[in-house]
Q: 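Take this structure first; my questions come after.
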Amino acid sequence: ALKSDYPRAWNLLGVFQMKNEEFPVARESFQKASLLAPELVEAKINLGKALIKLMEFTLADVELKKAAALDSSHSGLELARGDLCLRTGKPTEALAHYEVERGKNPNQADLWNQMGLAHLELAQRTECRKCLEKALDLDPGNEQTLNNLGLCLQQMGKYHEAIEAYKLATTRDQSYADPHNNLGSLFLSQGENQKAKKAIRHALALNPEFWEAWINLGNYHREEAEYDEAINCYQRVLDVNPSSPSAIWNLSLLQLLRGEYLAGFKGFEARAQIPGLKLREYPGEARSWDGGECSQGSLLVFADQGFGDTLQFCRFLPLARKLVKELWFQCHPSLVELLKSFCEDKIISIDENPPPIDFQAALSSLPHLLGTELESIPEGPNLYHSDIEEIPEAVHKALESNVKTFRIGICWAGNPMHSRDRIRSLQVEEFEPLFSIPGTSFHSLQVGDSHPPIPDRLKEHVNDLSGSL
């Protein structure tokens with residue numbers, strides 16, 4: 001029997017409970033240890049760790065500060081403080097704490113694993129991989145580190161290696177649901193939907209309350225156009241956690257697909273809380289615009305997503321302009337000239353400092369802020385450039401030589417590192433049935449060398465202008 005007045009025994013019991021992921025009872029054990037021995041630093045550090053697992057971050061910070069006041073050099077303190085920073089969205093600060101801990105004890109596998117996760121949050125994938133491989137050197141076969149390595153490799157586009165890492169993690173601990181779910185997510189991104197379904201179902205069989213797996217199962221049903229089943233999966237998560245950003249955002253994509261624009265664009269606002277979307281944030285301190293009329297105020301709208309989204313969402317700028325005294329638009333440098341006439345010259349690059357403004361808004365938030373429905377979607381901008389002198393000479397000659405044909409520019413591939421490149425890109429050969437249509441000429445606008453070039457047998461059908469763009 002445990003001696004009720006022996007603090008170190010309560011602390012050891014809590015450590016055992018943490019290993020079994022019994023976080024609520026572990027917290028109670030550490031609290032008893034700390035109450036019996038207020039000077040026991042490791043009990044306060046461990047209590048902080050338990051509170052981090054329970055997502056009680058403010059209380060965790062309090063306990064870790066108490067531990068630091070007792071002994072700021074205690075082993076494990078900086079690791080715990082780094083974990084708190086990492087869980088609260090501050091990976092750079094987390095790395096600073098981990099470096100301090102590494103200076104004291106560099107041979108902690110968990111430390112290297114956490115450093116890897118911090119680098120992954122910062123999209124520093126090469127550094128992440130090195131840290132995770134170091135962790136595996138210290139603790140070979142650790143299933144959590146193998147799972148994290150799979151995540152890193154997946155983000156690096158090394159899908160076969162990621163699959164092997166996930167599968168190895170599942171063999172190390174057959175009750176560990178995470179790698180099964182991650183396998184499902186990877187298979188889904190590669191269009192292997194039935195493999196994805198099997199892996200996700202396996203994860204849910206191991207952990208029926210694995211909410212991320214329910215979201216992935218919803219995504220599977222969405223890919224299969226089984227929309228009611230997808231909604232049920234997302235709603236199952238929202239019934240337990242109504243503020244789940246991932247469930248709200250994925251449900252919003254389905255709502256938009258079904259034409260439910262008011263609800264869909266409202267839920268689409270949760271995108272800012274989705275890891276990995278790489279959204280641009282406004283760097284200044286201006287107030288957020290709520291979509292209301294402000295006849296004496298100035299508004300800066302900034303492009304928060306990629307080129308394609310910017311070109312699609314900029315159609316909402318004229319509607320926003322009617323509600324404010326002055327509107328500025330900030331976008332990628334490559335789009336400034338293209339959009340200048342549409343934006344009445346009040347357009348700047350993201351590399352430039354914005355003028356003093358009263359309000360700011362993300363471009364892809366405009367549909368929600370303006371209460372957009374199907375009937376109120378404005379027409380897209382006319383982006384035709386009339387200044388013929390700006391067209392490269394080679395392009396000009398190609399257009400003149402085919403003046404009697406319907407001239408069609410084609411671009412068939414995007415960023416190969418995009419997680420959904422398989423549904424965003426195709427092969428130029430897939431255009432081949434179109435090349436025989438009378439009265440047409442085809443011109444390649446594809447740039448970059450990340451995709452295969454035009455095959456020789458098709459070069460007589462496609463005028464390659466990529467070298468002139």
Side-chain angles (χ1 to χ4, degrees), residues 123 155 157 188-191 219 222-223 249-250 252-259 261 264-265 267-272 274-282 300-320 328-343 347-351 361-370 372 374 376-385 395 408-428 430-431 442-452 465-466 469:
Q155 289 193 21
L188 201 58
S189 73
Q190 299 302 299
N219 294 343
R222 188 177 69 208
E223 291 291 315
W249 182 68
N250 280 287
S252 79
L253 299 180
L254 185 53
Q255 291 168 326
L256 291 171
L257 187 63
R258 298 179 69 166
Y261 290 109
F265 280 124
F268 192 61
E269 292 299 285
R271 68 190 182 280
I274 304 299
L277 283 189
K278 300 179 183 177
L279 300 176
R280 181 173 174 268
E281 298 180 353
Y282 178 66
L300 177 85
V301 178
F302 61 95
D304 55 324
Q305 300 196 87
F307 283 21
D309 291 302
T310 299
L311 294 175
Q312 290 294 335
F313 280 99
C314 70
R315 70 183 66 220
F316 293 95
L317 290 171
L319 296 180
W328 287 82
F329 181 47
Q330 190 177 43
C331 66
H332 193 280
S334 300
L335 296 180
V336 170
E337 288 300 319
L338 181 64
L339 296 173
K340 183 173 286 185
S341 60
F342 180 69
C343 297
I347 179 170
I348 56 175
S349 160
I350 57 175
D351 297 331
L363 177 63
S364 49
S365 290
L366 292 186
H368 167 60
L369 295 173
L370 296 169
T372 301
L374 179 62
S376 61
I377 296 177
E379 291 185 6
N382 181 358
L383 301 178
Y384 174 72
H385 258 274
V395 178
I408 303 169
I410 58 174
C411 181
W412 54 88
N415 179 6
M417 293 302 295
H418 194 284
S419 62
R420 295 176 66 80
D421 183 58
R422 67 175 183 85
I423 63 171
R424 291 160 50 95
S425 300
L426 45 80
Q427 301 298 316
V428 66
E430 296 180 63
F431 285 99
F442 290 83
H443 308 269
S444 169
L445 307 178
Q446 182 72 42
V447 296
D449 55 4
S450 56
H451 290 273
L465 299 176
S466 59
L469 299 176

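Keep in mind that this is a model prediction, so the values were computed, not measured.
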Q: Which atoms form the tightest heavy-atom contact between C314 and P318, and what is the distance?
A: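 Closest approach of C314 to P318, heavy atoms only: O-CD, 3.8 Å.
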Q: Which residues pass the side chain to side chain contact (heavy atoms under 4.5 Å, CB included) test with E430, not counting sequence neighbours?
A: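 E430 satisfies side chain to side chain contact (heavy atoms under 4.5 Å, CB included) with L426, Q427 only.
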Q: Would you indicate whether the side-chain heavy atoms of L363 and L317 approach each other to under 4.5 Å?
A: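 A side-chain contact under 4.5 Å exists here.
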Q: Would you say H332 and T310 make side-chain contact, with heavy atoms under 4.5 Å?
A: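 No, their side chains stay 4.5 Å or more apart.
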Q: Kindly give the heavy-atom pair with the smallest separation between F329 and F302, and that separation in Å.
A: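 Scanning both residues, the minimum pair turns out to be CE1-C, 4.4 Å.
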Q: Measuring from L253:CG to R258:CZ, what's the distance to the nearest 0.5 Å?
A: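 If we round to the nearest 0.5 Å, L253:CG and R258:CZ are 13.5 Å apart.
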Q: Answer whether the closest heavy-atom distance between the side chains of S365 and R271 falls below 4.5 Å.
A: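 A side-chain contact under 4.5 Å exists here.
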Q: Tell me the closest heavy-atom pair linking C331 and I347, and the distance in Å.
A: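 Nearest pair, atom of C331 first, then I347: SG-CD1, 3.7 Å.
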Q: Using the test ring pair (Phe, Tyr, Trp, His ring centres under 6.0 Å), find all partners of Y261 that sit at least two apart in sequence or belong to another chain.
A: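 Ring pair (Phe, Tyr, Trp, His ring centres under 6.0 Å) check on Y261 returns F265.
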Q: Could you tell me the separation between the CZ atom of F313 and the CG atom of L366, rounded to the nearest 0.5 Å?
A: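 With rounding to 0.5 Å, CZ (F313) is 9.0 Å from CG (L366).
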Q: Looking at every non-hydrogen atom in both residues, tell me the closest pair between S425 and G414 and how far apart they are.
A: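 For S425 versus G414, the nearest heavy atoms are OG-N, 2.8 Å.
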Q: Search all heavy atoms of P378 against all heavy atoms of L319 and return the closest pair with its distance.
A: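 Here P378 and L319 meet closest at CG-CD1, 3.9 Å.
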Q: Return the set of residues passing salt bridge (charged side-chain N to carboxylate O under 4.0 Å, His left out) with R222 (not counting sequence neighbours), or none when no residue passes.
A: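 Here no residue qualifies.
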Q: Are S364 and D309 packed together at the side-chain level, in the sense that at least one heavy-atom pair is separated by less than 4.5 angstrom?
A: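 S364 does not reach D309 side chain to side chain.
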Q: Could you report the tightest heavy-atom contact between P333 and S349, atom names first, then the distance?
A: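 Shortest heavy-atom separation between P333 and S349 comes out as CG-OG, 3.1 Å.
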Q: Taking the side chain as every heavy atom from C-beta outward, state whether L465 and L445 have any pair of such atoms under 4.5 Å apart.
A: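 Side chain of L465 against side chain of L445, heavy atoms only: contact under 4.5 Å found.
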Q: Can any side-chain N or O of Q446 pair as donor or acceptor with the backbone N or O of A413 at less than 3.5 Å?
A: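 Yes: the side chain of Q446 pairs with the backbone of A413.
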Q: For T372 and H368, indicate whether the former's side chain and the latter's backbone hold a donor-acceptor pair under 3.5 Å.
A: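 A pair under 3.5 Å: no.
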